[in-house]
Amino acid sequence: MTGSRRAVPEEPGSRRAVPEKPSLDGIEERHARRWEADGTYRFDRGRTRDEVYSIDTPPLTASGSLHVGHVYSYTHTDIAARFWRMRGREVFYPVGWDDNGLPTERRVQNYFHVRCDPSLPYHPDALAALGITGDELPEAAGRKRREEAPTRLSRRSFIELCALLTARDERVFETLWRRLGLSVDWSMTYTTIGSTARRVAQRAFLRGLAAGEVYHALAPTAWDVDFQTAVAQAEQEDREVAGAYHRLVFGLDNDDPGGGAHTIEVDTTRPELLPACVALVAHPDDARYRSLFGRTAVSPLFGAPVPILAHHLADPGKGTGIAMVCTYGDVNDVTWQRDLRLPIRSILGRDGRFIAADLTSSTEGSAFYATLVGRSVTQARREIVARLAETGRLVGEPRPITHPVKFFEKGDRPLEIVTSRQWFIRTLEHRDTLLAAGRELRWQPEFMRRRYEDWVSGLTSDWLISRQRYFGVPFPVWYPLDEHGEPRHDAPILPDESALPIDPQSDPAPGYREADRGRPGGFMGDTDVMDTWATSSLTPQIAGGWCEDEDLWRRVYPMDLRPQAHDIIRTWLFTTVTRALQLDGSLPWHTAAISGFITDPDRKKMSKSTGNVVTPMQPLEEYGSDAVRYWAAGGRPGADTAYDTNQMRVGRRLATKILNVSRFVLGFEPVDPVSGGSAPFDSVPGVSEAPGVSGAPGGSVSGVSEALDRAMLAQLGLVVADATAALEALDYTRALERVEAFFWTFCDDYVELVKGRAYGAGPGSRSARSALTYALDVLLRLFAPVLPYVTDEVWSWWRDGSIHRAPWPGGAPISQPGAGDPAVFAAASALIGAVRRAKAAAGVPMRTETPSVAIPADTPGLAHLDAVREDLLAAAHTGAVTADSDG
RNA sequence: GGGCGCGUAGCUCAGCGGAAGAGCACUCGCCUUACAAGCGAGGGGUCGCUGGUUCGAACCCAGCCGUGCCCACCA
């Protein structure tokens, strides 16, 4: 056996040789292609549930803008997927595109400068008129003709356009995700507007309806006047906006026996709602108003008589302590209308403009109101305030304030409250069950559980799932029309489940002909579509084959992992739990891993509106996927992390280092350090074997005789145990830290110490080369989940197949007689460090031979000097190492 | 207004009851036969503030301050 360097052979069969000059260039294309060709990440459905690790991946928003935040969190998931795959679990890791819903509509509207007009008939050439032929889409057509009026499209043409654009977006995005190296099975990709998703969503809806968990009702709901759709609680956000208190003077009826005041002053920030005023409300204990309860006030300008009433929600500290109740200014108005049985006086239409209304008003008031019809809220406010001032009914000047106002999170104007017919899923009455589910779920990190609990505890209404939009899953419902052509909402017509998916706009109701649509005595289809969360809350069911592929369903559900960001706990996580409880009575997954946000280097949240978004392709190309993944892996679960190209540089350096040290180790004559197989660390007694791994070759290291070599392997064994435990707990950051720290010590100290011996001959050389090969094998596997490209690159130099299907290393090596002592490894590092310091302090270059080197007597590990003396002297280029008590 | 997270070297962060750590940046030295896209050495911190518990606190408790996120009832 000789330690001479091996000549690099030409490509030997399926394995590539160890290259003379290893490089990261081109490895991504090469291995991505190989993974695809070999089906490396293909899901094998032959496994049973306990052998499967299933992941309910967040559907990628194809219509949104991509930024490195996506790369960040998806990398975390991919690390878990790769880890469990190497542990022997069959990983169910499909990916979906969340393409339905408002974001897509908005993107299509802006991109093509079009609007949907459901009243238009379908025209087959409508898209061609926009310059669209086949799959060829013009570049952002809308931008060029922004000054023109948008092109109006029929509902069907608009949906076609949405489908075309999302299909193209999805192709672009898939390229990026593949480049990042996500180990998903791309053959199982689904979309939330696809026929499977529509069928699953409609089936879940019908079952919910049958179970009484889904209902529809005519109710006041938050309404976006621009998108003209209802908006659920989860999609609303508060924004601080400028407003102003206006102090209005109401009249009082004249039957006050005490001859008290004849007017009453009321503060409001929404004076334009004065014509919709139906009452004044003060707190029952408010001494200022107690004597007025039961009396009647008269509204200024409009002369409408309104009762003065008491309700505990009135806040004596706000304004003058008495509030104007309108139809509807805010959610309190809704409560007051209901609790105090007040009349409804609607003045706002669905487009946010004043509508003709039959008001209880004076003649002059009615005449004034007529001039407001068709005005927007802002215009009407201006006119009403001006008139109030003219007539002396405004006290002083409006007092500017900033206050929180509810907005649709994607909207630009404040939400109004409009009464309309909507579909709901029951959540309020299941609050306790939902809270119990949150306690049962495992959260990573744990503190995120609180977000969920607070949200569920704070629910104020059932989940509103209908949207008055177009690109979504239609409600599978028709209504019979009575003899006047009015829909009978109390007698909905439902399809059979076997007919799903259906579109009530194009499919006739069962028992009717298409010609009966819209006719008295005929039918009409429900025009609404489901909110995007109503479909994406079913991702486990859609991806897992619920009622579609029961065999698959049994193998993957309930899923192991739900990874997602913390901003959608109240939406995606909450709604998925709600659906699973309703459909199966169980949790949809075992663990929720919540990732943080990416901030810019100034620690500001990266978002489109801030304009600080970094798109991912550029860093992927500049630093490489492994390097970007390395940066992502440095962000702890749930922690917001700064975008940091420095870390990507470090990651790239690590990848390069792996290439170089591998070239060094594999450059020796081949040594098989493992007897009986190529899977060191497997099947070591006392170490739990990965589930699903059967027949993994056992092995023990042979020929490793030197104490230092054994010590290094013993330390490596500890690292394996540590990294494994960390990854099992989804703490990929700690796992990487431990592995990386060992790796650098391995390179800088161990390799330097044994290099000379390895180049030599005899048992000492064989021991070093065996240990080096063995350690490299293990280190590559430990790095593989984070750095999939470079590790598979090195793997391909000397091993068959992909490292990503190789078993995860398990347990301590050479636990058999003569096991190494990790303390010797630490001592060796400390000793070589002390020698280097001594030579540096003496101004002697490291490689300069010296007769002896004196190191401090308190150097840690001095007791192990004898065990590593020969290697130390060789590495230190010195004849002797002595302990110097002077330090 | 409420909840939660975070404040440790210039920067990004680990450590979470027993002598202040890593990487980057910075300074100096080395073209050492895996790697100069490298290697070695070094300087640099009253661990946000104030109290408390303890033999001992970056770490536990209380209260502040700063910062970020989530939530909240628009008069």
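These numbers come from the heavy atoms of this one structure, side chains and all, not from hydrogens, waters or symmetry mates. Here is the naming used below: chain letters follow the sequence lines, and residue numbers restart at 1 for every chain. Treat the numbers as computed from the prediction; the structure is a model and nothing was measured.
- Judged by distance alone, the side chain of A/Arg629 and the main-chain N or O of A/Leu787 form no donor-acceptor pair under 3.5 Å.
- Nearest to the side-chain atoms of A/Asn646 among the listed nucleotides B/rC74, B/rC73, B/rC24 stands B/rC24.
- You'll find that the side chain of A/Pro404 is closest to B/rC74, out of B/rC74, B/rG15, B/rC71.
- Here B/rG29 presents its P atom at 16 Å from CZ of A/Arg847, a figure rounded to the nearest Å.
- Each salt bridge (charged side-chain N to carboxylate O under 4.0 Å, His left out) pair with one or both residues in residues 730-746 of chain A, not counting sequence neighbours, appears once here: A/Arg636-A/Asp731, A/Arg636-A/Glu737, A/Asp722-A/Arg734, A/Asp722-A/Arg738.
- Within 4.0 Å of A/Leu415, counting heavy atoms only, lies at least one base atom of the nucleic acid.
- B/rA36 sits 13 Å from B/rG40 when the C1' atoms are compared, rounded to a whole Å.
- Per the geometry, CZ belonging to A/Arg413 stands 22 Å off P belonging to B/rC74, to the nearest Å.
- Of the candidate nucleotides B/rA72, B/rC4, B/rC73, B/rC73 has the atom nearest to the side chain of A/Lys406.
- Separation of the C1' atoms belonging to B/rC13 and B/rG45 is 14 Å when rounded to the nearest angstrom.
- The pairing partner recorded for B/rG66 is B/rC6, the criterion being a Watson-Crick or G-U wobble arrangement whose two distances lie under 3.5 angstrom.
- Base contact: A/Gly329 has a heavy atom under 4.0 Å from a base atom.
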Decide yes or no on side chain to side chain contact (heavy atoms under 4.5 Å, CB included) for A/Gln337 and A/Val278, but give the supporting numbers first. CA-CA 9 Å; A/Gln337 187 273 322; A/Val278 291; 5.8 Å; no
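- In this structure B/rU53 sits in no base pair that meets the Watson-Crick or G-U test at under 3.5 Å.
- For A/Phe597 and A/His566, the distance between ring centers is under 6.0 angstrom.
- For the pair A/Ala323 and A/Val661, nearest-nucleotide mapping onto RNA chain B gives the more 5' position to A/Val661.
- Following rounding to the nearest Å, A/Ile594 (CD1) and B/rG5 (C1') show an atom-to-atom distance of 14 Å.
- Atom P of B/rG38 sits at a distance of 48 Å from the matching atom of B/rG56, rounded to the whole Å.
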Would you check, one step at a time, whether the test ring pair (Phe, Tyr, Trp, His ring centres under 6.0 Å) holds for A/Trp443 with A/Tyr452? CA-CA 10 Å; A/Trp443 294 78; A/Tyr452 172 87; 5.7 Å; yes
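- Summarising the base pairing, B/rU33 is matched to no nucleotide, lacking a Watson-Crick or G-U wobble pair whose two defining distances lie under 3.5 Å.
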At under 4.0 Å between heavy atoms, how does the protein contact nucleotides 37-43 of chain B? Give one character per nucleotide, 5' to 3', with B, S or -. -SSSSS-
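- You'll find the side chain of A/Phe664 reaches within 4.5 Å of the side chain of A/Leu772, heavy atoms only.
- At the heavy-atom level, A/Arg570 lies under 4.0 Å from the strands shown only through sugar-phosphate atoms.
- Under the Watson-Crick or G-U wobble criterion, with both distances below 3.5 Å, B/rU46 is left unpaired in every strand shown.
- In this structure, CZ of A/Phe574 is placed 13 Å from P of B/rC71, rounded to the nearest angstrom.
- The number of heavy-atom neighbours closer than 6.0 Å to CD of A/Glu397, taken from other residues, nucleotides and ligands shown, is 12 or below.
- Nucleotides B/rU54 and B/rC49, compared at atom P, are 23 Å apart to the nearest Å.
- Heavy atoms of A/His566 sit under 4.0 angstrom from primed sugar atoms or phosphate atoms, though from no base atom.
- Pairing for B/rA41 is with B/rU27, a Watson-Crick or G-U wobble pair whose two hydrogen-bonding atom distances lie under 3.5 Å.
- Here A/Phe743 and A/Phe783 bring their ring centres to under 6.0 angstrom of each other.
- Applying the 4.0 Å criterion to OP1 and OP2 of B/rC70, one finds that A/Arg451 has every side-chain N and O outside that range.
- On the P atoms, B/rG21 is 34 Å away from B/rC4, given to the nearest whole Å.
- Using a 4.0 Å heavy-atom criterion, one finds that A/Gln233 contacts the sugar-phosphate atoms exclusively.
- When the C1' atom is used for both B/rG23 and B/rU8, the distance is 15 Å, rounded to whole Å.
- Nucleic acid contact class of A/Leu313 (heavy atoms, under 4.0 Å, all strands): base.
- Under the Watson-Crick and G-U wobble criteria, each requiring two contacts below 3.5 Å, nucleotide B/rA22 is paired to B/rU12.
- The partner of B/rG17 is absent, by the rule that a Watson-Crick or G-U pair needs both atom distances under 3.5 Å.
- Contacts of A/Val751 with the nucleic acid, taken as non-hydrogen atoms under 4.0 Å apart, include base atoms.
- Here B/rU12 presents its P atom at 17 Å from CD of A/Glu737, a figure rounded to the nearest Å.
- A/Gln647 places its CD atom 12 Å from the C1' atom of B/rA25, with the value rounded to the nearest Å.
- Straight-line distance from the CD1 atom of A/Ile417 to the C1' atom of B/rC73: 11 Å, rounded to whole Å.
- Across all strands, A/Cys747 comes closer than 4.0 Å to base atoms (heavy-atom distances).
- Pairing for B/rG1 is with B/rC71, a Watson-Crick or G-U wobble pair whose two hydrogen-bonding atom distances lie under 3.5 Å.
- A/Lys839 comes within contact range of no nucleotide atom at all, as no heavy-atom separation falls under 4.0 Å.
- For B/rC16 and B/rC61, the P atoms lie 15 Å apart once the distance is rounded to whole Å.
- Using atom C1' as the reference point in both B/rG10 and B/rG18, the two lie 30 Å apart (nearest Å).
- With hydrogens and angles ignored, the 3.5 Å screen pairs no side-chain donor or acceptor of A/Arg345 with any backbone N or O of A/Pro275.
- Checking B/rC74, B/rC69, B/rC13 against every side-chain atom of A/Ala642, the shortest atom distance belongs to B/rC13.
- Among the heavy atoms of the strands lying under 4.0 Å from A/Asn332 is at least one base atom, whether or not backbone atoms are also near.
- In this structure the side chain of A/Gln233 reaches within 4.5 angstrom of the side chain of A/Trp455, judged on heavy atoms.
- Computed from coordinates, the A/Asp454 CG to B/rC71 P distance equals 10 Å when rounded to whole Å.
- Comparing A/Tyr630 and A/Asp238 along RNA chain B, the residue whose closest nucleotide (by nearest heavy atom) sits nearer the 5' end is A/Tyr630.
- Here A/Ala741 lies out of heavy-atom contact (under 4.0 Å) with every strand.
- Among the nucleotides B/rC73, B/rG3, B/rA14, the one closest to the side chain of A/Arg636 is B/rA14.
- Proximity of a side-chain donor or acceptor of A/Thr327 to a complementary backbone N or O of A/Ser346 within less than 3.5 Å is not detected.
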